[in-house]
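Notes follow once the structure below has been shown.
None of these values were measured; they are calculated from a predicted model.
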Amino acid sequence: MNTRFFVPRDTTALALGSDEVAVALGAELASRSLAGDVVRNGSRGAFWLEPLLEVEQAGQRLAFGPVAAADLPGVLDALQGVPGEHPLCLGPVDEIPWLASQQRLTFARAGQDDPLSLDAYRRQEGFRGLERALELGPQGIVDEVTASGLRGRGGAAFPAGIKWQTVLDTPAEQKYIVCNADEGDSGTFADRLLMEADPYQLIEGMIIAGLAVEATQGFIYLRSEYPAALGVLNAAIAGAEAAGYLGDDIGGSGRAFHLEVRVGAGAYICGEETSLLDSLEGKRGMVRTKPPLPAIRGLFGQPTVVNNVLTLAAVSTVLARGSQYYHDFGSGRSRGTLTVQLAGNIRRGGLVEIPFGATLRELLEDFGGGTFSGRPMRAIQVGGPLGAYLPEPQWDTPVDYEAFAAIGAMLGHGGVVVFDDTVDMGAQARFAMEFCAAESCGKCTPCRIGSTRGLEVIDRIIAREAPAQNRALLNDLCDTMESASLCAMGGLTPNPVRSALAHFAEDFG
Amino acid sequence: MQSDQVLAELLDRYRDTPGGLLPLLHAIQDRLGHIPPDSVPAIATALNLSRAEVHGVISFYHDFHSDPRGRHRIQICRAEACQAMGSRLLEAHAKAALGIDFGETTVDGAVTLEPVYCLGNCACSPSVRIDERVHARVSTDRFDALVAGLRGGGAGK
Ligand SMILES: Cc1cc2nc3c(=O)[nH]c(=O)nc-3n(C[C@H](O)[C@H](O)[C@H](O)COP(=O)(O)O)c2cc1C
Ligand code: SF4
Ligand code: FES
């Protein structure tokens, strides 16, 4: 077998020049008359090593990274001799400590092969969950998902099985499965990575969801900021249709499931599930009052499962390996694995999937390796733009839903954004209000007007105009936003603002 | 093809698509570069909506715009992970270097500058998207080189 070279086609790898590496590699192999196949894989999520070149020879995969086109002649020379002596050689890819110390369930396949190869997917347990689902039938599938303890990965951590049971129990002519791929939180890229590296896992999870609640149509609502993911998803859906996994007769079972990608249009609020449904219906993305729950009256008024990308993907594992296997990972009410994304000013940024239980500090130090700038860390924002800024004394908190809630923080979709000591926390608090004002759907006053007022008041505090009065005013404003907003956009924007003021008061004039 | 013909073809394609307004608007903008205001009545008729509803949707979403844009779109990420890596500086540099603010187009028609809130490249910030491609760890020098490349090539979309 020819030597196989792997050069990722993931957004971040491409953004760091992986296309140039792939082109140069092809040319270099040709000029040396060497036989070799260049595979465009997804990324393993070790973004600090991208572009990560892997070379498979005699059953072993050696990694080199980060590689630039200009490094290739040297790497190819080294492969003829002692590869380990090349300065960019990282050894066998499975033994890179940053990857080897993770516990990958959902991201086990990511980066291993061409994301569009159905053969590669099937070789690695692909569609085994679907086979089992077809045997179990609707209630059997829902029971498995409930027993696994799987909770939604989009932010609210609601038990997936309970949601599915509601949809299954609500009779209707047409039901829908909607995948929330809006991933708007800064510092998050897990959904994107999964869709680009292992799209069939998401597709399989959605088919299983359809079988479970008797829905025959699915939509993936994908944000427009992810053009590479769009290309991969559309190609994967076409591949799954051609192979008979999607369509009117899934794997010869007589059951139907159709799937389509719909692209958002640059609105953060459309990640909120009811706003997302309005957007899918072709309307402005306005948040709906609940009840009715989407599980009862969702898309086009029909019972609808709305789940995050990672939730639906995890269902494939739950079904393939059994609910007990999934449940055995984790602690307390946080079952399965934890996916975090190390982002911002971080030396070794990327996707980390581990069992629940590690502290934030362990993640930042053991995986993150400190800041990119080399300066001391000062503030960490966890859980996206609505998440609190955490000061150093809070970094010993275990990273799970309950422990974070206990300190007034939230895990959300697992984004961890690191700031060094040059950060101006006044500017960060100001941005939180500015973002809310820009992205509010406009339905309720506390959010729409409150955020604009909040911005003005923070400006006055920073300018030292009547600071005591303006702080009191800001506090009242935050109280109103928290208690009287219809959704978490207005309701949680006070989180970053208040935590910045409480823990970094010296930055406010 | 005339823009009338393009519009007619796209209206035909999405007329019967449930929730088809967003895909239709994306398709119009992809083909024509923007959503011409005088296309709104035809869109409304085809999808059985009021003009106000169509206008309301166009104005709600940051992606859609009614005015013609430059040959290239440059989006600078303004969200937190990029802020932590100096995006505020990059944003100021980009505006000064291009001589325009967000939402504006350079006089030569080459570039429209837009803000964006996260491109999913937050482990290698600051991030910039130019047309369909994302760029990582964009310093001010790298930004200038990317813009020079656009103007030098000049081919456009
Ligand atoms: C302002 C706001 C933005 C949200 N953005 C997202 C998002 O981008 N992706 C996501 O999966 N969930 C997002 N959510 C949560 C969804 O409303 C919903 O809880 C989730 O899609 C349900 O799926 P899950 O149970 O699998 O997590 C957001 C919620 C709010 C209030
Ligand atoms: S809180 Fe803000 S985003 Fe949520 S419904 Fe009210 S106005 Fe809309
Ligand atoms: S915050 Fe800029 S790419 Fe995510």
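Between the side chain of Arg347(A) and the backbone N or O of Phe372(A), no donor-acceptor pair lies under 3.5 Å.
When each of Asp144(B), Thr140(B), Leu146(B) is tested with Arg142(B) by the rule side-chain contact (heavy atoms from CB on, under 4.5 Å), just one qualifies, namely Leu146(B). No option in Asp507(A), Asp421(A), Asp420(A) other than Asp507(A) meets the salt bridge (charged side-chain N to carboxylate O under 4.0 Å, His left out) test with Arg378(A).
The part of Asp185(A) that comes within reach of chain B is its backbone (N, CA, C, O), which places non-hydrogen atoms under 4.5 angstrom from that chain. In this structure, chain B has heavy atoms under 4.5 Å from both the backbone and the side chain of Ser224(A). Of the two parts of Pro23(B), only the side chain, counted from C-beta on, holds a non-hydrogen atom closer than 4.5 Å to a non-hydrogen atom of chain A. With a 4.5 angstrom heavy-atom cutoff, Arg223(A) touches chain B only via side-chain atoms. The part of Tyr389(A) that comes within reach of chain B is its side chain, from C-beta onward, which places non-hydrogen atoms under 4.5 angstrom from that chain. Contacts between Val416(A) and chain B at a heavy-atom distance below 4.5 Å are absent for every atom of the residue. Heavy atoms of Ser59(B) lying under 4.5 Å from chain A belong exclusively to its side chain. With a 4.5 Å cut-off on non-hydrogen atoms, Glu50(A) does not touch chain B at all. With a 4.5 angstrom heavy-atom cutoff, Leu299(A) does not touch chain B via any of its atoms. Using a 4.5 Å cut-off between heavy atoms, Arg262(A) contacts chain B through its side chain alone, with no backbone atom that close. Only the side chain of Gln381(A) comes within contact range of chain B, with heavy atoms under 4.5 Å apart. When heavy atoms are compared at a cutoff of 4.5 Å, Gln217(A) does not approach chain B at all. In this structure, the portions of Val57(B) lying under 4.5 Å from any heavy atom of chain A include both its backbone and its side chain.
Salt bridge annotation for Arg9(A)-Asp19(A): absent, with no cationic side-chain nitrogen under 4.0 angstrom from a carboxylate oxygen.
Ranked by heavy-atom pairs shorter than 4.5 Å toward chain A, the options Val134(B), Leu47(B), Ile58(B) are led by Val134(B). When each of Cys82(B), Ala123(B), Pro126(B), Ser127(B) is scored by its heavy-atom pairs under 4.5 Å with chain A, the top score falls to Ala123(B). For chain A, the option among Glu53(B), Glu80(B), His135(B), His62(B) with the highest count of heavy-atom pairs below 4.5 Å is Glu80(B).
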Query raised in the report: Step by step, would you call Arg78(B) with Glu439(A) a salt bridge (Lys or Arg N to Asp or Glu O under 4.0 Å)?
Result: CA-CA 13 Å; Arg78(B) 293 194 71 218; Glu439(A) 298 298 320; over 6 Å; no
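Aromatic ring centroids of Phe435(A) and Tyr117(B) lie under 6.0 Å apart.
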